[in-house]
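Some notes on the structure that comes next.
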Amino acid sequence: MEALKQRILRDGKCFEGGILKVDNFINHQMDPILMKSIAVEFVRRFAGTKINKILTIEASGIAPAIMVGYLLELPVVFAKKKKPSTMENMLSTTVYSFTKDRTYDVCVCGDYLKEGDKVLFIDDFLANGNAAKGIIDLVNQAGAELVGMGFIIEKEFQHGREELRTYGIHVESLAIIESLDNCEIKIK
Ligand code: 5GP
């Protein structure tokens with residue numbers, strides 16, 4: 001997606017350890033016009049796929065997910081990173097965070113993710129694929145079907161897509177970062 005690539009090149013910043021900071025338009029300040037274009041592109045790429053629910057993880061996945069849900073007129077569920085004491089029928093899994101170097105629990109209420117659901121997962125980044133694998137676990141626990149995974153930015157050099165390929169999932173990324181070596185952003 002050309003507009004996204006140009007924005008990453010213009011406003012993205014590299015950090016040690018292969019981290020790309022896009023706080024200017026995705027992760028802190030958000031650009032709703034770009035976010036809408038991102039959602040339109042996701043809708044185009046998953047056209048023809050039967051979907052009845054959008055799933056994401058808080059916090060940064062929520063903005064693109066709600067835009068996609070709005071366009072498709074479908075409910076959006078976000079997996080929570082803190083287990084609420086009041087949640088009943090909880091499904092949970094553990095995810096390792098590459099950016100924070102720690103594990104955390106992710107949970108979702110089984111009332112909102114259940115058998116028969118055809119789920120499209122949307123998130124900001126695909127890196128090593130750990131968050132995505134947690135989502136696969138939650139969807140499996142619910143007896144739902146994961147029909148696709150859409151990422152705004154994929155860091156190809158961290159090989160998450162290869163992990164996901166083994167599950168046979170339809171994966172789409174709107175901008176693929178080849179390398180952040182020497183703090184230079186190389187986009188495919
Ligand atoms: P993974 O689980 O695929 O290794 O990493 C995906 C999650 O980690 C994303 O949901 C995102 O929040 C975070 N993440 C991974 N790499 C980056 C990065 O380079 N920049 C930012 N801002 N977040 C990242």
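Whatever order the structure lists them in is the order used to number ligands and atoms, beginning at 1.
- Note that CG of L138 and CG of L55 are 7.5 Å apart. Values are rounded to the nearest 0.5 Å.
- Aromatic ring pairs are classed by plane angle as parallel below 30°, tilted from 30° to 60° and perpendicular above 60°; the pair H170 and F46 is tilted.
- Side chains of D11 and I8 form no contact here, defined as non-hydrogen atoms less than 4.5 Å apart.
- For ligand 1, the protein residues within 4.0 angstrom (heavy atoms only) are G18, I19, L20, N27, F98, T99, D123, D124, F125, L126, A127, N128, G129, N130, A131, K155.
- To the nearest 0.5 Å, atom CZ of residue F42 and atom CD1 of residue I152 are 5.5 Å apart.
- N24 and R10 share no side-chain donor-acceptor pair at under 3.5 Å.
- Clustering of Ile, Leu, Val, Met, Phe, Trp and Tyr side chains at separations under 4.5 Å places F78 together with I62.
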